[in-house]
2 protein chains.
Amino acid sequence: MRYALKFAYDGTKFEGYARQPKMITIEGEIIRALKAKSIAQDLQSASRTDRGVSAAGNVIVIETDFALKGIIPALNSELEGIHFHGIAKVPEDFNPRHAEQRWYRYVFLKGHCPPVRELGKASKLFLGEHDFRLLSKKDTGHEKTVLAIDSITFTETGEFVYADIKAQRFLWEMVRRMLSVIVSVAEEKTDAVTVEKLLTGESALKGGIKPLPPENLVLMDVVYDLEFRSVVTGHSYFADEVKSLRGRAEVISLVAEALRGPE
Amino acid sequence: MRYALKFAYDGTKFEGYARQPKMITIEGEIIRALKAKSIAQDLQSASRTDRGVSAAGNVIVIETDFALKGIIPALNSELEGIHFHGIAKVPEDFNPRHAEQRWYRYVFLKGHCPPVRELGKASKLFLGEHDFRLLSKKDTGHEKTVLAIDSITFTETGEFVYADIKAQRFLWEMVRRMLSVIVSVAEEKTDAVTVEKLLTGESALKGGIKPLPPENLVLMDVVYDLEFRSVVTGHSYFADEVKSLRGRAEVISLVAEALRGPE
């Protein structure tokens, strides 16, 4: 049988996504777990996220005779920082690279990014079909660089601003480079004409584009015409990590307060 | 001239406090900076905090001919994760170990510790003078283990509970071991009679005491009969670290949400 499996991970705990000899990567760890549990020898991935980027819903496809109900508990018992939570049977010709849509979310700290109104205005320049060659890490030569952005929205929530970006596919480092330019436009450091030239592949930005840090980016979902069956197994890793990070942030903010000097 | 210097640090970025050959410690880094700037060759520390513990106001004493106003800017330009922010002239016989009071704060996440009322009740057992020998990492033999706790208070603030503990001095790992027992009493896992025996040095806890994790503890201040002059210099390190930790916590909580399954 062929299955699509949906899974989450903390990207900061691995040396990138794609398998690499002698490196602890997300794909490499999953292959190790698949072999350890005699489920499969190989897999195909939907999205090779950039090093440091996390996911709530990336997808792999495997071929296996393992009982459907046993696959996710077996994998999760072998992995830390990676957690499977959905499964769907797929046809023999199903290719996880061909998704209907990919959804990324970038987490800004409120007050550390331009106002949502300005970000929204700047992002309109990027909607629809463009050549994103100059907005990816490098032109690999064999990937089509013309593609369409379905939507970019900015939402304020408590102390954060979410940037949600949806498209059928993205190029290497494209989300973080595009958001970097959107911030620059919203801050009036880059103008619309320059962005137009960038989006036709005509001329790159002077000084290049510094992609936003990967730690704040999450691949939220990869969407197919499939119904994933949700499988919930024990998963204290992520809850514990959130708890520990919130505590650490509070501790360091107490330290930072001491440096402000008298009022 | 002899000066007391007040400083803050992120304890998680160093391999402990006390100088150690070949290790990056807080004291070691400060000595390196003092030498690099030709300010002094040595120092005396007020508190050797446990590995992983941070500080808002630890204190060192140095002898130097360096101009008072230049000392803190010179040191801060050499250090990362350690930041000086106060200075006071002290008499020749001033010993930083002899403080009037030391103040530690432990940061609990609300909902991940017993109710404040129960913690407050349990902590009353520890107030005043006791033999804390069985509440420290080990009896070094040359340190007096009888000492007095001045106060222990618990305060709820937003998503955290602060435990503030004040005493003239503390033993090795004592704050984290004492709080561990207070939590155990508040959870009714340890009774008052057992604590009494512990505090006379009569009998240790069965199974030992697991100190609470150091990352959530901050040495808030070391108090002397001195007026420290506040010196504010640029310090983006701690603000950047808070920002990065809060963003990371939000990212991982988005990942954790995906694992909850359908409502």
Side-chain angles (χ1 to χ4, degrees), chain A residues 6-12 53-57 76 81 83-86 105-109 111-112 157-160 162 213 215-221 230-235 237-262, chain B residues 6-12 53-57 76 81 83-86 105-109 111-112 157-160 162 213 215-221 230-235 237-262:
Chain A
K6 194 163 277 195
F7 63 108
Y9 49 86
D10 178 351
T12 65
V53 172
S54 293
N76 286 346
H83 199 88
F84 284 83
H85 57 86
R105 172 172 286 176
Y106 197 89
V107 176
F108 289 101
L109 266 88
H112 296 275
T157 73
E159 54 175 332
F160 304 100
Y162 293 157
E215 293 80 18
N216 285 30
L217 185 61
V218 184
L219 172 60
M220 297 295 285
D221 205 6
S230 168
V231 179
V232 179
T233 68
H235 51 270
Y237 173 87
F238 296 96
D240 287 351
E241 188 69 11
V242 170
K243 184 179 141 184
S244 136
L245 287 164
R246 291 213 173 118
R248 290 251 314 119
E250 182 66 10
V251 162
I252 303 302
S253 77
L254 290 173
V255 173
E257 269 170 39
L259 310 184
R260 276 194 212 135
Chain B
K6 195 163 278 197
F7 63 108
Y9 49 87
D10 178 351
T12 66
V53 172
S54 294
N76 286 346
H83 199 89
F84 284 83
H85 58 86
R105 172 172 287 177
Y106 197 88
V107 176
F108 289 100
L109 266 87
H112 296 275
T157 75
E159 54 175 332
F160 303 100
Y162 293 157
E215 294 80 19
N216 285 29
L217 185 61
V218 184
L219 173 60
M220 296 296 285
D221 206 6
S230 167
V231 180
V232 179
T233 67
H235 51 271
Y237 174 87
F238 295 96
D240 287 352
E241 188 70 10
V242 172
K243 184 178 141 184
S244 136
L245 288 164
R246 291 214 173 119
R248 290 252 312 119
E250 182 67 9
V251 162
I252 303 303
S253 76
L254 289 174
V255 173
E257 270 170 37
L259 310 184
R260 275 193 212 136

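Keep in mind that this is a model prediction, so the values were computed, not measured. Every chain is numbered from 1, with letters handed out A, B, ... down the list of sequences. Note: hydrogens, waters and symmetry copies are ignored here, and every other heavy atom, side chains too, is used.
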Q. Hey, are the side chains of B:H112 and A:D240 touching, using non-hydrogen atoms and a 4.5 Å cut-off?
A. no
| field | B:D10 and A:V255, any side-chain heavy atoms less than 4.5 Å apart | value |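 Side-chain contact under 4.5 Å: no.
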Scanning both residues in full, the closest heavy-atom pair of A:N216 with B:G247 reads ND2-CA, 4.3 Å
- Task: Can you see which heavy atom on A:E215 is nearest to which on B:V251, and at what distance?
- Result: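 Closest pair (atom of A:E215, atom of B:V251, distance): O-CG2, 3.5 Å.
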Highest number of heavy-atom pairs under 4.5 Å with chain B among A:L254, A:V107, A:D221 belongs to A:L254
Residue from A:F160, A:F7, A:F238 scoring the most non-hydrogen pairs under 4.5 Å with chain B is A:F160
Distance col, row A:R105:CZ vs B:E250:CD, nearest 0.5 angstrom, shows 8.5 Å
Between the NZ atom in A:K6 and the CG atom in B:L259, the distance rounded to the nearest 0.5 Å is 12.5 Å
Turns out that what part of B:Y9 lies under 4.5 Å from chain A's heavy atoms comes down to backbone
Applying a strict 4.5 Å limit to non-hydrogen atoms, the region of A:L109 in contact with chain B is side chain
Applying side chain to side chain contact (heavy atoms under 4.5 Å, CB included) to B:T233 and not counting sequence neighbours gives B:I72, B:P73, B:N76, B:H83, B:V231
Residue set satisfying side chain to side chain contact (heavy atoms under 4.5 Å, CB included) with A:A249, at least two apart, ordered chain then number -> B:L245, B:R246
